[in-house]
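Here is the structure we will look at.
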Amino acid sequence: MSEESRSSIHGQWSNRMVFILAATGSAVGLGNIWKFPYITGENGGGAFVLVYLVCIAAIGVPIMMAEVMLGRRGRQSPINSMRILAAEEGRPASWSWLGWLGVIAGFLILSYYSVIAGWALSYVFRTASGVFEGATADGVSSIFTGFVSSPESLLAWHTIFMVITMIVVSRGVKHGIERAVSYLMPSLFVLLIILLFYAMSTGYFMQGLEFMFTPDFSKLTAQSVLVAMGHAFFTLSLGMGAIMVYGSYLPKETSIAKATMMIAVADTTVALVAGMVIFPIVFANELLPGEGPGLIFQTLPIAFGQMEAGVLIGTLFFILLGFAALSSSISLIEPAVAWLVENRGMSRVDASVWCGLATWLVGVGSVLSFNLWASKTWSLSLFGETLFENKTFFDTLDGLTANIMLPLGGLFIAIFAGWMMRPESSKSELNTVEKGYTLWINLVRVIAPFAVMVVFLNVIGVIDFN
Ligand code: PHE
């Protein structure tokens with residue numbers, strides 16, 4: 001089939017704006033509001049944030065353009081798009097394993113993502129009940145600890161979130177999600193801005209800013225550089241085909257470069273604002289920035305308990321966070337569902353149910369990581385260097401996917417787009433100004449792969465900056 005006549009059997013976005021909304025919906029999620037603040041706290045603040053920002057600009061943006069481009073040119077699930085494009089460029093069909101790597105990564109990420117999204121859903125009701133009104137930092141903390149120590153509650157909320165995800169995915173991501181994203185995302189942002197004003201009123205705003213934006217490079221380890229880079233992939237939904245599959249539904253005329261920039265800016269802004277809300281609350285209440293995955297659940301409720309109309313604002317906040325998580329989770333499973341529909345002739349409903357069941361099952365491991373399995377830990381070393389040590393099932397999955405699988409997927413996407421594709425192909429698909437193309441091709445050919453390799457080699461101790 002020629003590249004001109006190819007179209008997606010799953011349909012197309014109705015216009016460019018819908019793609020931008022959907023891709024922003026995929027990018028903005030728990031990664032920005034839940035994960036970014038807690039890993040920034042664990043990794044010492046400023047220097048970590050700086051590395052993360054550099055990774056977004058130098059690695060994330062060019063790779064996102066590459067992914068959208070590959071998706072739009074292939075017009076199928078990432079597995080099939082990679083196979084078609086490889087054939088078209090005279091490369092081995094085995095490039096489709098890159099699609100498989102992504103499907104597996106998406107599946108594993110969703111398994112724990114859903115557990116955390118479940119926390120957000122349960123906090124809708126907890127906040128609405130008014131328990132946080134006037135609560136102290138200790139009170140808020142013990143409510144959180146009590147909640148996560150109950151496997152039954154976590155399992156119930158994980159199940160509810162997975163069911164909602166599967167319902168949306170089975171109806172096709174293009175229906176419903178567009179409208180949801182276009183109202184709900186801006187509303188979430190408005191609430192974050194209201195919270196920002198609260199953070200300013202704590203008297204610890206400057207301390208929060210200082211923590212986030214004054215780099216202290218002595219706090220930067222090879223590990224934290226890896227986490228920062230991994231998070232750049234995670235937060236932009238890169239390296240596993242989510243953005244590629246959304247690109248495959250993109251009409252031909254859209255400028256990929258402009259759309260990508262808008263998505264990256266929106267995503268980064270949300271993360272930075274979330275950090276500027278959380279850290280002043282951390283310092284004002286003498287909490288520790290390195291509190292871990294519970295950080296937002298142990299800080300934001302304090303704000304909701306103190307501010308005017310806190311019950312309402314807090315309840316709305318967790319509802320919107322749930323929606324932000326939903327618009328990300330559907331993109332995590334879409335590559336797998338699209339493939340099952342294309343290659344196994346399954347209906348969308350069946351494909352969604354099977355994927356959902358399998359993901360749910362793996363998620364049980366993450367549910368238990370916070371209670372019954374809390375002391376069951378894993379370590380991984382490579383070439384005699386510890387990659388991670390004493391991590392729970394949840395932390396292991398997160399580290400393996402975000403810090404290893406996504407950057408690895410991204411690395412190969414960059415190599416394919418930069419070196420395996422003929423420049424005529426990428427040029428005609430990107431259809432951007434000459435200067436922009438030159439910058440992009442240099443970034444995907446040299447800078448991005450080089451940076452990812454350096455970070456990997458640094459972690460396994462082959463090269464050492466210190
Ligand atoms: N980008 C999403 C977030 O920040 C998570 C995600 C990762 C979604 C990878 C799709 C693919 O929450």
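In what follows, residues are counted from 1 in the order of the sequence shown. Keep in mind it's a predicted model, so treat the numbers as computed, not measured. We count ligands from 1, going down the list as the structure has it; atoms in each ligand are counted the same way.
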What's the separation between atom OG in Ser426 and atom CE in Met69, rounded to the nearest 0.5 Å? 5.5 Å
Any ion pair linking Glu67 and Arg72 (charged N to carboxylate O, less than 4.0 Å)? no
In terms of side-chain heavy atoms, does Trp360 have a donor or acceptor partner in Thr159 at a distance below 3.5 Å? yes
Any side-chain donor-acceptor pair under 3.5 Å between Ser352 and Arg348? no
Show me the short polar-atom pairs for ligand 1: any N or O of it lying under 3.5 Å from a protein N or O, with distances only.
residue, atom, partner, partner atom, Å
ligand 1, 1 (N), Ser26, O, 3.2
ligand 1, 1 (N), Ala27, O, 3.0
ligand 1, 1 (N), Phe234, O, 2.8
ligand 1, 1 (N), Thr235, O, 3.1
ligand 1, 1 (N), Ser237, OG, 3.0
ligand 1, 4 (O), Ala27, O, 2.9
ligand 1, 4 (O), Gly31, N, 3.3
ligand 1, 4 (O), Asn32, OD1, 3.3
ligand 1, 12 (O), Leu30, N, 3.2
ligand 1, 12 (O), Gly31, N, 2.8
ligand 1, 12 (O), Tyr113, OH, 2.5

Parallel, tilted or perpendicular: which fits the ring planes of Trp34 and Tyr38, with parallel below 30° and perpendicular above 60°? tilted
State plainly whether the residues Asp350 and Arg344 are in salt-bridge range, i.e. N to O under 4.0 Å. no
